[in-house]
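Notes for the one structure printed next.
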Amino acid sequence: MEPMEVSRKIMEYLGAFKGSKPVVHNSEAMLIRAKAEEKLKPEEFTPKLEELFKDLDIQPINPASPKARTMTDQVDATFRNTTEVEDESLGIAGIEQIKQSFEMTGFEADYLMGELEDMGVYVVMYMDKSGFGPMFVETMVVKLHPLDEE
């Protein structure tokens with residue numbers, strides 16, 4: 001599979017494909033943001049993400065694990081080599097900081113990260129804590145390449 005195909009499946013699964021906006025779109029990486037058609041309660045984010053990963057056979061990775069660090073380093077290297085996006089999402093190793101910044105600005109947010117074939121997958125769901133407004137989905141699928149050991 002290719003990053004675009006996986007990203008599309010994720011966004012369709014979460015009801016966020018219609019009106020989605022690719023932030024990065026190339027053969028190595030896809031980063032898409034969108035509003036979901038339906039809105040979940042914040043406590044439903046994690047179960048929905050877990051269901052998505054199970055149904056699409058994405059192997060979840062604990063964000064605090066050494067494997068997560070290796071994967072995010074590989075993803076970051078791919079981004080630096082294939083894109084010129086000036087965006088907070090480029091700070092891939094700081095995905096927890098991105099979640100915290102959402103929460104500090106009044107959003108509920110949760111994410112899962114995992115691996116599918118030779119790709120790293122990150123999916124974030126967020127919405128205003130007040131419950132007003134839409135729920136947003138951001139997905140990033142990036143091909144993993146071994147890091148050069150120099």
Side-chain angles (χ1 to χ4, degrees), residues 1-40 42 44-103 107-127 133-150:
M1 273 194 268
E2 295 298 315
M4 183 169 72
E5 182 183 355
V6 175
S7 295
R8 181 183 183 109
K9 286 181 178 186
I10 291 168
M11 298 306 269
E12 286 176 340
Y13 191 97
L14 296 174
F17 185 73
K18 184 179 174 186
S20 61
K21 306 270 190 268
V23 176
V24 172
H25 180 187
N26 61 53
S27 62
E28 298 289 305
M30 286 292 301
L31 174 61
I32 302 173
R33 291 185 181 140
K35 287 191 280 186
E37 294 169 9
E38 294 182 39
K39 188 162 53 172
L40 301 176
E44 297 172 319
F45 287 0
T46 300
K48 185 67 172 183
L49 291 169
E50 289 169 344
E51 175 186 294
L52 163 76
F53 274 44
K54 183 178 181 198
D55 286 356
L56 296 184
D57 203 27
I58 301 167
Q59 301 305 308
I61 296 173
N62 180 333
S65 71
K67 183 171 179 115
R69 181 178 305 254
T70 299
M71 187 175 89
T72 54
D73 288 348
Q74 290 174 312
V75 166
D76 194 42
T78 299
F79 258 87
R80 292 181 196 285
N81 291 330
T82 62
T83 64
E84 292 188 25
V85 175
E86 297 298 326
D87 186 271
E88 69 182 14
S89 297
L90 276 181
I92 300 305
I95 194 164
E96 186 63 33
Q97 290 175 345
I98 294 170
K99 178 183 180 231
Q100 290 172 3
S101 72
F102 278 134
E103 290 169 345
F107 285 84
E108 295 283 352
D110 211 348
Y111 70 94
L112 281 184
M113 61 186 290
E115 221 173 359
L116 178 64
E117 298 174 4
D118 63 342
M119 294 170 282
V121 178
Y122 299 79
V123 183
V124 181
M125 299 171 79
Y126 57 99
M127 65 184 283
M135 179 179 79
F136 297 93
V137 175
E138 184 168 329
T139 185
M140 179 172 54
V141 180
V142 180
K143 286 208 176 198
L144 300 174
H145 301 286
L147 296 171
D148 293 331
E149 299 295 325
E150 294 184 41

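Numbers here are sequence positions counted from 1. In what follows, every heavy atom counts, from backbone to side chain, and hydrogens, waters and symmetry copies are set aside.
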Closest approach of Ser65 to Ile61 (non-hydrogen atoms, all atoms of both residues): OG-CG2, 3.6 Å
Closest non-hydrogen atoms of Ala16 and Ala36, given as atom of the first, atom of the second and distance, are CB-CA, 4.0 Å
Interatomic distance, Ile58 atom CD1 to Met119 atom CE [nearest 0.5 angstrom]: 8.5 Å
Specify whether Tyr126 and Phe136 have parallel, tilted or perpendicular ring planes, treating 30° as the upper limit for parallel and 60° as the lower limit for perpendicular. parallel
Could you go through Met140 and Tyr111, starting from their C-alpha distance and side-chain angles, then the distance that decides it, and tell me whether this counts as side-chain contact (heavy atoms from CB on, under 4.5 Å)? CA-CA 11 Å; Met140 179 172 54; Tyr111 70 94; over 6 Å; no
Flag side-chain contact, heavy atom, 4.5 Å: Leu116 against Leu56: no
side-chain contact (heavy atoms from CB on, under 4.5 Å) assessment of Ile32 paired with Thr139: CA-CA 5 Å; Ile32 302 173; Thr139 185; 4.0 Å; yes
Please indicate whether Lys39 has more than 12 foreign heavy atoms, meaning atoms of other residues, nucleotides or ligands, lying under 6.0 Å from its NZ. yes
Atom CE in Met125, atom CG in Leu49: separation rounded to 0.5 Å? 5.0 Å
Return the NZ to CD distance between Lys48 and Glu38, rounded to the nearest 0.5 Å. 7.5 Å
Short question: side chain of Gln59, backbone of Gly114 - any donor-acceptor pair under 3.5 Å? no
Any side-chain heavy atom of Val6 sitting closer than 4.5 Å to one from Glu117? no
How long is the span from the CG atom in Leu144 to the CG atom in Asp73, to the nearest 0.5 Å? 11.0 Å
Return the minimal non-hydrogen interatomic distance between Ala109 and Glu103, and the atom names on each side. O-OE2, 3.6 Å
Can you name the closest pair of heavy atoms from Met127 and Pro134 and give their distance? CB-O, 3.6 Å
Side-chain donor or acceptor of Lys35 paired with backbone N/O of Gly133 under 3.5 Å: no
Determine yes or no for a side-chain-to-main-chain donor-acceptor pair under 3.5 angstrom, with Ser20 supplying the side chain and Ala34 the backbone. no
List in chain and number order the residues that pass side-chain hydrogen bond (donor to acceptor under 3.5 Å, both in side chains) with Tyr13, two or more places apart in sequence or in another chain; answer none if no residue qualifies. Glu51, Asp55
Contact summary for Met71 and Gly120, nearest pair of heavy atoms: SD-CA, 3.7 Å
Once rounded to the nearest 0.5 Å, what's the spacing between atom CG of Leu52 and atom CG of Asp57? 11.5 Å
For Val141 and Met1, what are the C-alpha separation, side-chain angles and deciding distance, and is it a side-chain contact (heavy atoms from CB on, under 4.5 Å)? CA-CA 11 Å; Val141 180; Met1 273 194 268; over 6 Å; no
Do Lys143 and Glu2 have side chains that get closer than 4.5 Å, going by heavy atoms? yes
Test side-chain contact (heavy atoms from CB on, under 4.5 Å) on Leu14 and Val123 and set out the steps. CA-CA 10 Å; Leu14 296 174; Val123 183; 3.8 Å; yes
Test of understanding: with side-chain hydrogen bond (donor to acceptor under 3.5 Å, both in side chains), list the residues that count as partners of Glu12, not counting sequence neighbours. Arg8
Rounded to the nearest 0.5 Å, the CE atom of Met11 sits from the CD atom of Glu138 at a distance of 8.5 Å
Shortest non-hydrogen pair, Pro42 vs Glu108, comes out as CG-CG, 3.5 Å
